[in-house]
2 protein chains.
Amino acid sequence: MRYREPMNSDIPSVWARPKKGRDQPALSREQIVGEAIKLLDTEGLDALSMRNLGKRLDAGATSLYRHVANKDELIELAIDEVHGEIEVPSPDTTEWRAGVVSCAHSSLAMINNHPWVASVLGQIGLSYLGPNVMRMSDGMLALFEKGGFSLAESDLALRAVQAFVIGSGVGVAAWQTSLARSGLSDEQWAERIQPIVMAAVAPYPRLTASIEAAAANTPEVMFDHGLNAVLDGLVANRH
Amino acid sequence: MRYREPMNSDIPSVWARPKKGRDQPALSREQIVGEAIKLLDTEGLDALSMRNLGKRLDAGATSLYRHVANKDELIELAIDEVHGEIEVPSPDTTEWRAGVVSCAHSSLAMINNHPWVASVLGQIGLSYLGPNVMRMSDGMLALFEKGGFSLAESDLALRAVQAFVIGSGVGVAAWQTSLARSGLSDEQWAERIQPIVMAAVAPYPRLTASIEAAAANTPEVMFDHGLNAVLDGLVANRH
DNA sequence: GCAGTGTGCGTACAGTGTGCGCATCGACGG
DNA sequence: CCGTCGATGCGCACACTGTACGCACACTGC
């Protein structure tokens, strides 16, 4: 339980003491993780410090350690928590391929909402052990098996799709961080770096031409094209 | 230029002064980036601090800022530098698909040698603007065009393959960081976490079965299977 | 009423990125 | 040969980080 009015004998009157406990619920692991996610979403990875997070919860930095072993574990918990947002359709109600596509879209949407996930996946070991990640993997596996993939093939298919989704996610994360640091709007930032990109590719006429040829492709189109290719290829290699 | 024997009037004799300048070449951007990469490779991302890096170069931490704007820029330079290790075959001497496969392998090998790359790609904005990354992208583009892909299709294909490779790279990075933190050997660590994984998947019989069915697959097999699927799918969608 | 346990937090320590200003170098112009 | 100048190295300082430690308090069970 959180103290509503901690004793502080320096201040003579009880009523004069600052109240820290603003009628919020007591500190709990769920609340800490939830607020950490909010902080990460709104202010980015760099802004997540224990003191900062403590302030948002009207708590001291070191209080958080009663509920979380260390910062890395907190991030691991946050990663798993946001994986809970991913919707994976049941193979009973959805055709397998539509289900996989829908789940992949849901995954990318999650990374779009929480771009910090993609940038910490590599530095936090073994995050795929979290219960929500497990639930998602199991759900996709069910879809592949419904699709006629063998056990071993399903495992390979799952890994291929996840690799593609995460790779795409790293791309959106890179864009989002650069965007956030610029402080500009999406369009403004795109307009600003467009000439920089063109200057960087200038020595490579082939690259320049291909970028111009594909300029109309939105990120969604590119993601769907890649995802379709992966699934087509997996189907082609299914026995 | 670096001073071999900086003045220090507190120490009376010239000969008693500590010599800092150990006959190493003077500080330069290339040398700093090179040593940073060595440090990242051997001690990991957390160990890269300006003071730490300065020590290795027999230089003060703040001296580095004469050659590099800030730590993020240093990492950006390091990212591009290691991309120089990726070999991309010429379409003149290599069949397009073999070339793409070879380049993908080379990319994954690079990430294996420098796992920190995969974990910072998301937090460092726009790293694909570096000259070495550009060179590699242009090289792969040439292969795809040789393979009969149109300009726009080549761009999509390139992005799909890169997403898959990076996603796979994040996976190996996650493994490598957890491995490095454990301090154990590869086999020891694998053996240690095996029961943990089995316990985590226990509630999901399907997941358990598929992991067991695919237990014999090495990471290389999994990567190749995914890569083949991606390429097969891209070919199938080529017009 | 009292011991035990769980929880919050003030303090402290070692370490971080980096701005500032000074010291010193090599090069160049007289 | 001397003076000036720009480039470079670096000590210091500041605000900030993760987190170990120990004390103070509230709640629980007797």
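Every chain is numbered from 1 and lettered A, B, ... according to where its sequence line falls, protein lines coming before strand lines.
Across the protein-nucleic acid pair, B:D58 atom CG and D:dT8 atom P stand 19 Å apart, rounded to whole Å. The CG atom of A:L45 sits 18 Å away from the P atom of D:dC16 (whole-angstrom rounding). Between the NZ atom of B:K55 and the P atom of D:dG9 there is a distance of 19 Å, given to the nearest Å. The CD atom of A:Q123 sits 14 Å away from the P atom of D:dG18 (whole-angstrom rounding). Between A:L64 atom CG and D:dT19 atom P the separation is 11 Å, expressed in whole Å. Per the geometry, CG belonging to A:L53 stands 11 Å off P belonging to D:dT17, to the nearest Å.
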**Request:** For each nucleotide in nucleotides 13-21 of chain C, reading 5' to 3', give B when a protein heavy atom comes within less than 4.0 Å of its base, S when such contact involves only the sugar-phosphate, and - otherwise.
**Result:** ---BBBB-B
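Remark: A:E43 pairs with A:R56 by the salt bridge (charged side-chain N to carboxylate O under 4.0 Å, His left out) rule, at least two apart or across chains. Under the side chain to side chain donor-acceptor pair (under 3.5 Å) criterion, A:W175 pairs with no residue at all, not counting sequence neighbours. Listed by chain and residue number, B:D138 satisfy the salt bridge (charged side-chain N to carboxylate O under 4.0 Å, His left out) test with A:R206 (two or more places apart in sequence, or in another chain). Residues meeting the salt bridge (charged side-chain N to carboxylate O under 4.0 Å, His left out) test with A:E212, sequence neighbours left out: none. With sequence neighbours left out, A:K55 forms a salt bridge (charged side-chain N to carboxylate O under 4.0 Å, His left out) with no residue at all.
At a threshold of 4.0 Å, the pair B:E73-B:R29 counts as salt-bridged, since one of the basic side-chain nitrogens sits closer than that to a carboxylate oxygen.
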